[in-house]
Structures are given as structure tokens and as C-alpha cells.
Undergrad: 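This structure is in C-alpha cells; I'll ask about it shortly.
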Amino acid sequence: MSTKKDEAKKSDKKIERVRIMGSLERAVDEIDRLLAGSTDEVEIDFSTCTFIAVEGLEWLEELLLRADSVKRTVRFVNVPPTIYKVFKISHIESLMKAAGGVSSTKLGPAC
Amino acid sequence: MTAISKEQEQILTERAHSLTRQARLSAAVFSQYSQAQVDRIVKAMTTCAIDNAARLARMAHEETRMGVTEDKVLKNLVASEFLYAQIKDKRTVGVIKELPELNMVEVAEPIGVILGLAPVTNPTSTVIFKSICCAKTRNSIIFSPHLMAAESSNLAAKLIYEAALEAGAPKGFITWVDKSSRLRRLSEILFAHPEVDLIFATGGTQMVRAAYSSGKPALGVGAGNTPVYVHKTANVPSAAMEIIISKTFDNGTECPSEQTLIIDREIVDELISEFRRCGCYICDEAEVEKIADAVIDARTGGMNYRLVGQPANLILEQAGIKVDRHIKMILCPLKGELRLHRLAVEKLMPVLGYVAVDSVEEGINRALDINYGGGTGHTAGIFCEDDGVIERYADAINAGRIIVNSPSSIGGLGGVYNHLNTTLSFGCGTGGGNITTDNVGIKNLLNYKRVPRRKNYVISFQTTKNIYSNPGSIEHLKSLKCKNAFVISSRSASRRGHLSMVKESLPEGCHVDVFSDIGTEPDFPTIQRAVQAMRLSKPDAIIALGGGSVLDAAKIIRLFYDYPELNVQELAVNFLDFHHRMVEFPKDMRTQLVAIPTTSGTGSEVTPFAVLKDGFRKVSMIDECMIPDVAIIDAQFTKSLPREITSDTAFDALTHALESLVSTFSSDYTDGLALEALRLIFEALPETLKNPGSILHRHKLHNAATLAGMAIGNASVGVNHALAHALGARFDIPHGRANGVFLLSTIEYNAQIPSKFVSIPCYPLWVADRKYARAAQFIGLKEEAQAVDSRPQVENPHFAMEGSRGQYDGMVLALRRAVYDLGRLAGQPLSVSELGIDPADYQAALPELVETAFSDMSVRSNPRYCLAPEILQLFQAAYAPRVRP
Ligand SMILES: [Fe+2]
């Protein structure tokens, strides 16, 4: 796995975008560092992410928890369907939220 | 059981969350795996299971003190090696099945998180089996082992999981509940846990019941009680050996194993001696009671669980029967009423009951006693060389697997003695309270997503094979291969000289009989009289000479003459789709039918339709076999037609052309015919009316009717005909005239975007408006600017969707004006009031008219779905005298 960093400044907020390249199998130090620094918002770009391992899911969930506790925003962008489906099946509310989706565990109308 | 404190309950709940969370994440990650990745993992797991088969078998035996180690090794190998051979090439990822003939594929979707139960009788083989099946199907599994076998079950899970992980499986896809005094409670929490998607239960009835009562989807197994019928044709020594192999396998712990033998009396002595010779113990009556006392729990009436999987010698000892040699198996003759015998139940130990029977019937009935005595849906066996008996047995016995001429226990496992799916989970169907009778396996651990493509819709076109057209084409009759002709006509045929024209044109020496009794609305008694007359005449050709009703009648007369056994009611059953109707007509006709139309209207000479009056209703018969063999389109037969009939019938043909053009069944083939028919009518009808003796224009009109007939013969008609049929029947209006009064309304109605589209696969796009426009263009009309400039031109606002305005409105208006002008020129009534129908009578008849039109088959091919209120509006809109649109 490797990452590619883009920086974008919108208004006075400091937004950083990091792209996941290939498999996400463990913590991405660079993102952990960004969250610990002065960045307001981190956008994780999944467009080139090809696989997420259990460890990757666990890290993402933990990352979102950490971001929440320091009042920072982490957003998932450009999530391909195979990865989005992994989020759906995982039933982890925070992942769905970060990906801009709705929870997959809520029961809808049945027929 | 000791009570569990709140605190302990909290710990267990957290443990359940942790297990299901691991499984859930793993299932999510598994969804990304390819078939190749999955197959690599499955191979590694199988290798590990084979390597550890003996170790795990030994451990299971030591922990449970049940069964036979050597047999448990075999079970572990069945659950790995044999299973692998069956599933290694199976597709379980992505598209798993292609069904080209159905234009459909099946795509696999994993189940998700599975809670797997492992029983005390097969603690390691079940874990091996379920783990491999779950990996193959990309599911994660949490094992809930039996308390008395938890260590061996969990070791099996751990070993095989580590091998899977090594091969790339997602972390945590196999987990297990650790052995503890709270194991049972934790399993209960898991049963109800929202993150468990499916319970894969194998084990005691209690566990299976708990699985089902969790309210989750569950794959359960039922209790067994296997009857085995040994028929007199069986190979006795071989049957004896195979039954011993089976019943002693793992000391009888396999639930498909034999429980009661039903033996034909002719061979009972031979079989029992063979058992004795091979080392079995045959009890006498008193000993049977002792065995029953030992192996049956008097409190429950079921087997004594302490003796499950125990060796025969130990059981004999417990029963107080002294034996000083090794015994393989204990046989107990079951005397008296079998259903009430204490030993006629499942005994998972080497104790086997038997009865003698005097016939196949009695054999099957006694087998049913055992089968329905606690083992419904599970397993049965038969040793027999008579396929007829095997079939009768299989038909009667309710069992998911009926094992023939082989051990029922190892046979039931599948893959060793037969090609059943390898399993350790025996579905028992509804007889055992299960959803399936399968040998449960990978097939049951997937969701199947079916992806059906649209059906290929084949367009066919049929019409009369030989058509002779031109004035004077009646001459063709001379070359007809026929020695005995039977002419069907109306009474007027003779008067108008038509009959003699036909008679003179027939081959020399051809005998002719005539049936001229066909009225305007032929009924079935008339048909029967005609058929009767034909029976005496024995013709080889039928010549139908007349208008639509004569031609229709002739088609039906031929059908019943050729096939007297047919039933008119059965042939007239309504249908939605011509291709799927339930009625079956004969494939071919024996007597040739020549149709000579004397009006230019119905086109019946080339259609597969025939209408018959049946009491107060009309029945339609439609089939390819009704199409005449020859049509002679000779305008000499129409030249003396009165003006009114000429115009009425031309308006029928005009309606045919317009309705077939926009029909949902229309095709390029019928469109061409419909358009040319329209053109000919618009050209030739005014000329014919101006100059009734003009054979040239009569001929064009005659051709137009036949062309339009070919079009409706393949594309059918529409709502206009439904309205006309209803009105005609109620007020006795000739068919063509009834059609004419609705045309202006139905074109307007069909040209508007439907309030409800028609759901017919052959009509993927609503195009009625542009087809009317094409018709207008084809007959040389110019777009009416008025419509384009000043909408709405819709006379009946009910027909249009609000604000709808179509790009073809101008051309549709031009077409309606042309129809109006043609009608006025011909003096054709264009509204119901112009027919002289009293408004009050019409108003009173409306409910009946709507009802009749709504159920008319013609509406089925209309391009706009005809809602009942719209049909009412169409009837109402057609009343007032027409003004030019
Ligand atoms: Fe008609």
C-alpha cells in the first residue's frame, strides 16, 4: 500500500486529501499524523483502493472514533462499489457515515 | 444448571458481540475474494484436515467416549478429501451458472455470518465440513460446539482456521465458543444475536429446535429412524455385510444408520444366519426385553443417551446378557405391533430391530411405520434387485435419501458409495421440520441472484399458402386436386349466381355437394348439421363461398369434420398471449379448404380466426390450423355487392389496417401489409362507390381486405373491435358498420400517451402516435397545421394526459380527418347516434357494453392499456353525431 497526498485549501479550513493505493491492510501512518496535526478535515480517496482487509476496516473505524474525539472530520471520497459494499456488509455505522451513505443495519419497510 | 449472575450475563453478551463482530468484518472482507483466492484457501484447509484426520479422531473419541476412532478418521476424511473432490471445481463466486436457453445467469451472494453447531457424535468431522463449506462460499462461521466435545471441536476449528489464514483467508472468518460451563448460555445468546445471518444446526433435537425458534433462517436436521427393507431379490450375504458395516460404523452414531430391518419372510432365516455367522448376536424374545430395558430410556421412550456410540459387548453387559466373544452388532426380533414396540425408535448404537413380512405391500407398510415413527424425511434403505419394487418403495417412503443396495450410514454421507453430495448435515424436508431434503452443503450456503435477460421474442408470420388474385382467378379451381367437393355457402350464393360460377370452375367429373344453410351468425348446431352432411358426402375438399361468417363457419366445420373428438368449449378458452395459451389444436388438417370471399371485409380467407355463436355469447377460435389452404380473391364475386355492404365491409377492412398497424403484436411484416391495405382502401373505396361496376377498383378493394386480413391474422386487432363486438351484439349492428362508429374516437385515444402502458414483452416502446403519423404520410396526407398551432385538439380530454402534446398530433389529426371524410363520402355512420340508437337505450346498455368490451380478447393487443373507465368514456364519446375533427 502507498498513499498520495493532495492539499486543498477551501476558505480558511485546512483540508488534506490522501489517496489509498492498492490494498488497505493496516494503519496509514500519514493519515494518523494528519489527524494529530493541524488539519481540520481529512479526505480519504478510495478511487485507487483495490482491497480492504479486516485490519484496514478496524483501523478506519478506530480512526473515525479518534477524529470524533478531537472534533475533526474524516470523509471517504470516490469509494468504488466493491469497497462500498464491504462497508455495507460490515454494518459499521461510522464507516457508512464517512462514506456519505446511510446505515445498512436499519430495517426498512418489509413486504 | 447453575444460575448465571447479571455480571456473568454481561460478560457473555460482550463475548457474543466480540465473536459476531469478528465474523461480521471477516464476512465483509470476504466479499472481495475471487474464485481463485477462495479455491486456494479451500485447498489449504482440506490438506490440513487430511493431515490431522487421525489426531482429531483420536481426540474426539477420548473426549466423548463415543464411537470408534478408526471410523472417526474415515468421517474426517469424508468431510475433507471426499468433500473436496466434489466441490473443488464448483463455481461459488460471481456468475456461478449460465442458463443460455433461459437467457439468465445466476450470481452468488454470500450468506454472511453463520452460526454453526457441532454435535457430540461428529465433533471434528462436522467442524471440518462446515469450515470448508463456508470458505468455499465466502461466509464466516462461529462454531458453537457440544459441551462434551468442545475441546476436540475447537481444536479442529483452530487448526483448519490457521491453515486458511496462511492461505490468505480473512482474519476471524472462523471463530468458536470456548469450552466453559457457560457455553450453552453463550450459544443461546448467539442464536438470537442480530449479527448472525444463518444458523447451520446439526445436533440433538433440542439444539435444532432452539435454532429454529431463534426466528433466524436456519438449516436444521431432523431426527432419524431409518427403515431398511431387504427384499427377497436381494443378494443376502452382501446385504448382511453392508448392514453390519453401516450399523457398526462409529458404533452406530451416524443418524442415517439402519434402525429396523424389514425382511421378506422367504429370506429371513438365511439373512439372520448370515448375521450370526459374521459375528452378530441374535436375541431371543426374553433378551429383546432386556436390551430394550437397557437401551431405551423408560421416562422418555427414546434411546438411552449414555449408550450412544457404545460397543455391542458393553450394551449386552448392561442388559445383563453374558457373552464371551466379540460381538459386532445386536439384532432384536420385534414381535407384536411394530408401531408400539419399544425398540422401534432411533438407537444410535449397534442395536438393530427386525421384522419379517409376507409381501412387498406389507414390507413398505412396516417401513412406513418406522419412517413415520420419528424419522420422517430423514433416511431409508432398501436391498433389492427389482427396480419396480425400489420405485414403489421410494414413492411411498418420506425420506430425503433412500439408499439402494449399500450401507445407509456411509451411503447417506454421500460421495463414498454414491454420488450424493457429501455432507454431515441431513436435511429432512418438512417431514423433519426442515426447509430442504438436501444433503446440506455449499449449495445451501449461498444466496442465488438470478439475472434474467428479456425473453427472445420470436415473431412468426402465417397466412394462407396459396392465394390466387385477379378477376377470373376462380379458374384456378380447375386445377384443384379434388374428386369430391363440398361447398359451404349462404342461401344468397345461389341467387347471386356465385354457386354456379364455382360449380362450373371445378375439375371435370368432380362430384359436388352443397350446404347453403349458413346464416349471418352461425351457431354450433349449424356446424354440427354441416359436419353431418359432410360425413355422408365424404369430400376431399371444402369450398367456402361467402362473406366472413361463411368462411369462419367453414373453418370450424372442417376442424370438427377432421377431428370429431374435439370439444368446442375447450378450444375457445381465452388467452393473454398467443404463444402461451393452454388450448391445443390439431397440428394439421386432413381436408383441404378453399376460401372464396364474396365481400371485401373480414379477410377471413387468410386468418386463423373463426367466430361462433354459442347461446348468447360469441366464442373465438384461433389457431394456425384454421387458416385455409387456398384463397381465391376474385372481384367478380363482389361486383354486384350493394353500396351499403360495400362500404360497411370496407370500413371493417379499414379498421383492420389501422388496428393491426398500432397493435402490440405488429411487426415489420404486418406493417407493410396494413399500410398498403390502407392506401388501397382510401383510393379504391371512393372510386368503387362512384362506379360500382368498376371491376378494377372492386379488385383493389378486394385485395385491400385480404392484405388487412393477413395483418390482423398475425398482429390481431385492438380496442375498436372490442367496442364494435359489444355494440354489434347488443344492438344487432353489422360488424363493419359497428367498427366505423368508433374509429375517430379510438385513433384519438390510442394516439395519446397511455394512462397505463401495456406490459407485453414484444412491445418495449409505445409508438402508436408515430405509426398513425406514418399511415397518414403513406396515404399522402399533409400535416394539419391547426393541430400544431392551437392545442389542445383533443376532443375528449379524458383520453389525454394533462398537458400532453405530441409531435405527431398534426399527422394524427390529418388521419382522423381523412377517415371522417371517407366516412361521409361513403355515407357511413361515424357515431352511435347516426346508427339510430336511442340515447336512453344506449345509456341503459352502457354497463353491459363496457363489461363485454373489457373482456374482449381484442383489447389485449391494443397499444394502450384499456382501463374500464376509459372504455366507458370511449362508448360515451362515440355517441354524439360527429363533426369534422
Ligand atoms: Fe373486423
Side-chain angles (χ1 to χ4, degrees), chain A residues 1 19-28 44-66 74 76 78-111, chain B residues 16-38 40-41 93-94 107-114 134-135 137-142 161-162 164-175 193-198 215-217 445-447 449:
Chain A
M1 205 246 18
R19 195 183 297 167
I20 309 287
M21 311 282 278
S23 287
L24 179 60
E25 289 175 10
R26 62 189 65 83
V28 179
I44 306 181
D45 183 343
F46 283 87
S47 58
T48 51
C49 176
T50 53
F51 178 81
I52 295 198
V54 171
E55 293 84 347
L57 281 179
E58 287 171 336
W59 170 72
L60 283 175
E61 190 189 15
E62 183 258 349
L63 177 83
L64 291 168
L65 261 173
R66 252 188 299 138
V74 174
F76 301 166
N78 301 327
V79 184
T82 43
I83 304 297
Y84 196 63
K85 185 161 177 186
V86 173
F87 295 160
K88 283 273 178 203
I89 302 173
S90 74
H91 290 182
I92 299 173
E93 186 81 23
S94 58
L95 296 185
M96 284 315 301
K97 248 188 183 162
V102 291
S103 161
S104 47
T105 51
K106 296 273 185 299
L107 282 175
C111 70
Chain B
H17 282 324
S18 153
L19 284 168
T20 52
R21 185 186 142 86
Q22 278 182 64
R24 169 62 53 196
L25 294 190
S26 176
V29 169
F30 230 159
S31 72
Q32 305 164 95
Y33 280 52
S34 69
Q35 187 73 64
Q37 286 173 304
V38 162
R40 195 161 50 243
I41 295 163
V93 179
V107 180
E109 177 77 34
I111 297 276
V113 175
I114 295 175
C134 280
T137 48
R138 297 183 296 165
N139 293 303
S140 54
I141 183 159
I142 304 167
Y161 168 58
E162 285 167 357
L165 211 54
E166 187 70 25
K171 188 179 95 173
F173 100 94
I174 300 176
T175 52
H193 200 284
E195 288 295 330
V196 170
D197 295 311
L198 173 86
K216 285 184 188 302
L445 298 184
L446 282 174
N447 293 307
K449 301 183 283 192

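Proteins come first, then strands; the chains are lettered A, B, ... in the order of their sequence lines, and each starts at number 1.
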Undergrad: So, B:Lys171 and A:Glu25, do they make that salt bridge, N to O below 4.0 Å?
TA: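 Looking at B:Lys171 and A:Glu25, the cut-off is not met.
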Undergrad: Out of B:Tyr33, B:Phe173, B:Phe30, which one racks up the most heavy-atom pairs below 4.5 Å with chain A?
TA: B:Tyr33
Undergrad: Between A:Thr50 and B:Gln32, does a side chain to side chain contact (heavy atoms under 4.5 Å, CB included) hold up when you go through it step by step?
TA: CA-CA 9 Å; A:Thr50 53; B:Gln32 305 164 95; over 6 Å; no
Undergrad: Side chain, backbone, both or neither: which part of A:Ile52 has a heavy atom under 4.5 Å from chain B?
TA: both
Undergrad: Counting only heavy atoms not in A:Glu62, do more than 12 fall under 6.0 Å of its CD?
TA: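 Enclosed: over 12 neighbouring heavy atoms sit under 6.0 Å from CD of A:Glu62.
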Undergrad: Kindly give the heavy-atom pair with the smallest separation between A:Ser90 and B:Ala28, and that separation in Å.
TA: N-CB, 3.6 Å
Undergrad: I want to check something: taking the side chain as every heavy atom from C-beta on, are B:Gln22 and A:Val54 in contact at a cut-off of under 4.5 Å?
TA: no
Undergrad: Using the side chain to side chain contact (heavy atoms under 4.5 Å, CB included) rule, pick out the option among A:Ile92, A:Leu57, A:Ile89 that qualifies with B:Arg24.
TA: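 When side chain to side chain contact (heavy atoms under 4.5 Å, CB included) is applied between B:Arg24 and each of A:Ile92, A:Leu57, A:Ile89, only A:Ile89 qualifies.
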